[in-house]
Amino acid sequence: MIEIKDVSKTFRTKEASVKALKHCSLKIEDGEIFGIIGHSGAGKSTLLRIINQLERQDEGEVLINKENMANLSKKELLEKRRKIGMIFQHFNLLSSKTVYQNIALPLKIAKVDPKIQEAKVKELIALVGLNGKENAYPAKLSGGQKQRVGIARALANDPEILLCDEATSALDPKTSETILDLLRDINQKLGITIVLITHQMEVVQKICQRIAFMVEGEIVETGLTEELFAHPKDSRTKQFLLTSIREIEKTSKDLKKLYPDGQLLRLVFDDQNSDQPILAKIIRQSELPLSIVNAHLVPSLKGTIGSMYVHVAKIDDHKLQELLSLFDSYHVKAEVI
Amino acid sequence: MAIFDSYESLQILEALGETLYMTGVSLLFAVIIGIIMGIILFITQDKGLYPNKIIHTILDWLINILRAIPFIILLILVMPLAKILTGSILGASAALPSLILSSAPFYARMSMIALNEVDKGVIEAAKAMGANNITIIFKFLLPEAKSALVSGIALMAISLIGYTAMAGAIGAGGLGDLAYTYGFTRQNYLILYLATALVVVIVFIIQFIGDYLVKRIDKR
Ligand SMILES: Nc1ncnc2c1ncn2[C@@H]1O[C@H](COP(=O)(O)OP(=O)(O)OP(=O)(O)O)[C@@H](O)[C@H]1O
Ligand SMILES: [Mg+2]
């Protein structure tokens, strides 16, 4: 269990001092995938780096498995860090070393028996799906492959915790997906606690059980992912989620231009209804030819959630109301745009 | 070498040997001293692994001063030191202290730049892995800076060849000395041209080897 208790941190430079963390408290349970979201500069990276003490807090305490990180000697801290893996947005691999050598490096640092090292590296390469790439240099790998090396390297000393700093932000959406799948696999297979920070909402929606939302150095809200997305309590969380609302507005506008005639509807699926063939049922019952024109769906822990836009040829008001109440009966939020 | 008599041929070979000796020995020392100074500069800088303003500033100044002194003047200034160390102010060995003193700071600066060019993220990853500072320097920074460090060695070797020729002017021997005393003063132009050609060939060979090694090492 990771406990962050009332931690504050101020960065002082010649020009200014920045309060990067203000009285942050957080409890992360073993085996959990915990997300930290927030705008750029909110203090996410600083909070993450406090966990492995790459950054020291000015105030407050960090406890890992009830052990206070401040009480560790320098040597003990280095040893502790070996049990906390970390992966990065830009991978931070050694360009002068091969995939194999990069993954073996943490084992060398921990002075693991060379024979065990070899077996371990091979096992890790298989785990992250890089068979055959052992002797390739990072420059010859794709972004996704580099992150796989990063993950393998982070797992070398069998850590209990994996810290991910924007691990998918430098990757295209498809590659992001595969890396997130890998992280979820690792979490389930090895039972590692994963703390990940991101500014991409799809990422937390996809794999995080719980999330914390940060604004200007403060944790303003913590909760189950679905809860926080469905019913944000804090006005600043709502504001943050508005960014996605703005995207919706843009999509709506674009679609209206594309389909000037007829009706456009926006449907919202949450995870209560997303595993049923709702659309098929509605088309049958309403006898209206609905066509899907746009969709943003992400698989979440309990099913598929997200939004979908459908188009229907011009219908009268009465029919439209019927259609809307039909969606309502399936607990799908529908709105005319 | 039918166009030279046996005495001249011997002189040429000897001069070539002296040039290679002066360059090789001073290069070796300059690289060792330079890289140590470069590492100290790197780690003591602001936000370095062991920040220390005093050491950093002193070393920085020392390097700047040494690099500012023209080599020919350094050569004269260091003569007393050479006498203490080698017992003479003449000969190839006597030129070594000034050759090393002029090129070590050059390499110190180059290695600090090479180390600073290593991606900061690599250091971050090393720390997150639980590496101590010594490990970070030897297992992360130096391997990552290797190609820049090697290309710096080639660059310095070439500039050292030029310095040895200058040292020749004050009696250190070598191809520069040969070109000057035999070629220029005694108007033996064949020797002048040959000495020049040899210097050029050596420079080309060093450049070639340097480029080859850098290309092999650099995996970026
Ligand atoms: N080493 C440092 N020195 C000075 N200021 C810093 C330092 N590290 C972070 N900061 C400042 O602290 C604040 C929080 O930074 P942090 O990197 O934690 O934000 P973040 O939420 O991770 O942002 P991003 O999404 O851009 O990565 C920022 O204002 C940043 O400028
Ligand atoms: Mg960050």
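In what follows, every heavy atom counts, from backbone to side chain, and hydrogens, waters and symmetry copies are set aside. What you see is a predicted model; the values in this text were computed from it and never measured.
- Rounding to the nearest 0.5 angstrom, the gap separating the CD1 atom in B:I123 from the CG atom in A:L54 is 12.0 Å.
- Residues B:D119 and A:F91 fail the side-chain proximity criterion, which asks for heavy atoms closer than 4.5 Å.
- Within a 6.0 Å sphere centred on CZ of B:F29, heavy atoms belonging to other residues, nucleotides or ligands number 12 at most.
- The neighbour count for A:F11 CZ, taken as heavy atoms of other residues, nucleotides or ligands under 6.0 Å away, is above 12.
- Atom CD of residue A:Q53 and atom NZ of residue B:K127 lie 13.0 Å apart, to the nearest 0.5 angstrom.
- Interface check for chain B: of the options A:R49, A:K74, A:K80, the most heavy-atom pairs under 4.5 Å are formed by A:R49.
- The parts of B:N132 that come within reach of chain A are both its backbone and its side chain, each placing non-hydrogen atoms under 4.5 angstrom from that chain.
- Within a 6.0 Å sphere centred on NZ of B:K120, heavy atoms belonging to other residues, nucleotides or ligands number more than 12.
- The shortest heavy-atom contact between A:I109 and B:A131 is CD1-CB, 3.7 Å.
- The CD atom of B:E144 sits 9.0 Å away from atom CG of A:L93, with the distance rounded to the nearest 0.5 Å.
- Inter-residue side-chain proximity for A:K108 and B:K139 is flagged as met; some heavy-atom pair is nearer than 4.5 Å.
- Residues from residues 94-101 of chain A that place a non-hydrogen atom less than 4.5 Å from a non-hydrogen atom of chain B comprise A:L94, A:S95, A:S96, A:K97, given in numerical order.
- When side chains are defined from C-beta on, A:M86 does not count as touching B:M129, because their heavy atoms never get closer than 4.5 Å.
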